[in-house]
Every structure is written in C-alpha cells, then in structure tokens.
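Not measured: the values here are computed from a predicted model.
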Amino acid sequence: MTISLRTARALQRARSRLRDVAAAAHARRVATVERAALTRAELDARAEVTFDDAAATLAHATSVRAFDQAALQLDASAAELRAAEHELACATQAAEISAAAVRLRAQQVRATEALVERLDEARASSEQRLEQRTADDRAGRRRTPTP
C-alpha cells in the first residue's frame with residue numbers, strides 16, 4: 001500500500017513542527033547552560049575574594065576561633081563552587097541530549113521531504129505518461145480515414 005501525497009505532506013508538516021518544538025527546548029537548555037556558566041564564573045570570582053579574605057584572616061589570627069572562621073568561609077565557598085559545577089554539568093548534559101533530539105527530528109524531516117519529493121516525481125511522471133497516452137490516442141484517431 002502506498003502513502004498518498006497529501007498524507008506525506010501532512011506528515012512532513014507535523015515532523016517540522018516537532019523539530020521546531022525540539023529546537024525551542026534546546027534553546028531553553030542552552031540558555032540554562034549559559035546561566036549556569038555565568039553563575040560558576042561569578043562564584044569563581046567570589047571564591048578568589050573569599051580566599052584572599054581567609055588569607056588575611058589567617059595572617060592576623062590571634063585565636064583558634066579565627067582559624068575556624070577562615071575554615072568555615074573556605075568550606076562554604078568550596079561547597080558553592082561544587083554545587084555550581086554540578087549544576088553546570090547537569091545543564092550541559094541536558095543540552096547535549098536536547099541537541100541530539102533536534103538532530104533526530106531534523107533527520108526525520110529530511111527523510112519525509114525526500115518521501116514527498118519521490119511521491120511528487122512519481123505523480124508527475126504518471127501524469128506525463130497519461131498525457132502522452134491520451135495524445136497518442138487522439139493522434140491515432142485522426143489518422144484513421146473515414147469511408
């Protein structure tokens with residue numbers, strides 16, 4: 001059973017829409033990666049300041065409490081950095097998955113476009129053969145002498 005041209009075009013439009021939806025989802029995921037990278041960069045800069053403050057605190061430390069405060073500041077900064085790195089890794093992985101989905105949808109659209117093209121060509125050649133046959137029939141009728 002062959003697929004009709006109308007059905008193939010409807011399938012092509014549907015797959016194009018699905019590709020567009022996948023592309024929009026991918027764009028959102030890429031934006032999330034960019035935000036996570038920006039957050040990570042800000043935390044890196046803040047960690048540098050925290051390390052400098054901890055070094056100053058340790059240089060002027062007069063008690064064990066000052067050492068503990070410096071350690072707490074460094075630990076908090078390191079925890080924030082680890083969380084930001086984890087968020088960036090998760091966002092990057094999600095963006096890679098969505099990019100694969102966009103590639104798959106684009107491949108499906110191309111396959112459907114090729115199908116529509118083949119069906120169009122088959123229809124056109126069929127119409128051309130039919131027109132040629134009709135023209136041959138008409139030409140054959142004219143040549144027959146009438147008594």
Could you pull out all donor-acceptor pairs under 3.5 Å where a side-chain atom in residues 62-90 meets a protein atom, sequence neighbours excluded?
unit_1, atom_1, unit_2, atom_2, d
Ser63, OG, Arg65, N, 3.4
Glu85, OE2, Arg40, NE, 3.4
Glu85, OE2, Arg40, NH2, 2.6

Other ILVMFWY residues reachable from Leu11 by side-chain steps of under 4.5 Å: none

Partner set under side-chain hydrogen bond (donor to acceptor under 3.5 Å, both in side chains) for Thr50, not counting sequence neighbours: none

Heavy atoms of other groups near Gln128 CD, more than 12 under 6.0 Å: no

Donor-acceptor under 3.5 Å (Thr134 side chain, Leu130 main chain): yes

Residues clustered with Val109, ILVMFWY side-chain links under 4.5 angstrom: none

Residues in side-chain hydrogen bond (donor to acceptor under 3.5 Å, both in side chains) contact with Ser4, at least two apart in sequence or another chain: Thr7

Distance-only check: which donor-acceptor pairs under 3.5 Å involve side-chain atoms of residues 17-35, not counting sequence neighbours?
unit_1, atom_1, unit_2, atom_2, d
His26, ND1, Ala95, O, 3.3
His26, ND1, Ser98, OG, 2.6
His26, ND1, Ala99, N, 3.4
Thr32, OG1, Arg28, O, 3.0
Thr32, OG1, Arg35, NH2, 3.3

Sequence neighbours excluded - salt bridge (Lys or Arg N to Asp or Glu O under 4.0 Å) pairs with any residue from residues 103-114: none

Can you give each donor-acceptor pair under 3.5 Å made by side-chain atoms of residues 114-121, sequence neighbours left out, with the distance rounded to 0.1 Å?
unit_1, atom_1, unit_2, atom_2, d
Asp120, OD1, Arg9, NH2, 3.1
Asp120, OD1, Arg123, NH2, 3.4
Asp120, OD2, Arg9, NH2, 3.0

Thr92 OG1 to Ile97 CD1 distance, which is reported to the nearest 0.5 Å: 11.0 Å

Test side-chain hydrogen bond (donor to acceptor under 3.5 Å, both in side chains) applied to Glu131 - qualifying residues, sequence neighbours left out: none

Thr112 and its side-chain hydrogen bond (donor to acceptor under 3.5 Å, both in side chains) partner, picked from Arg15, Gln12, Arg13: Arg15

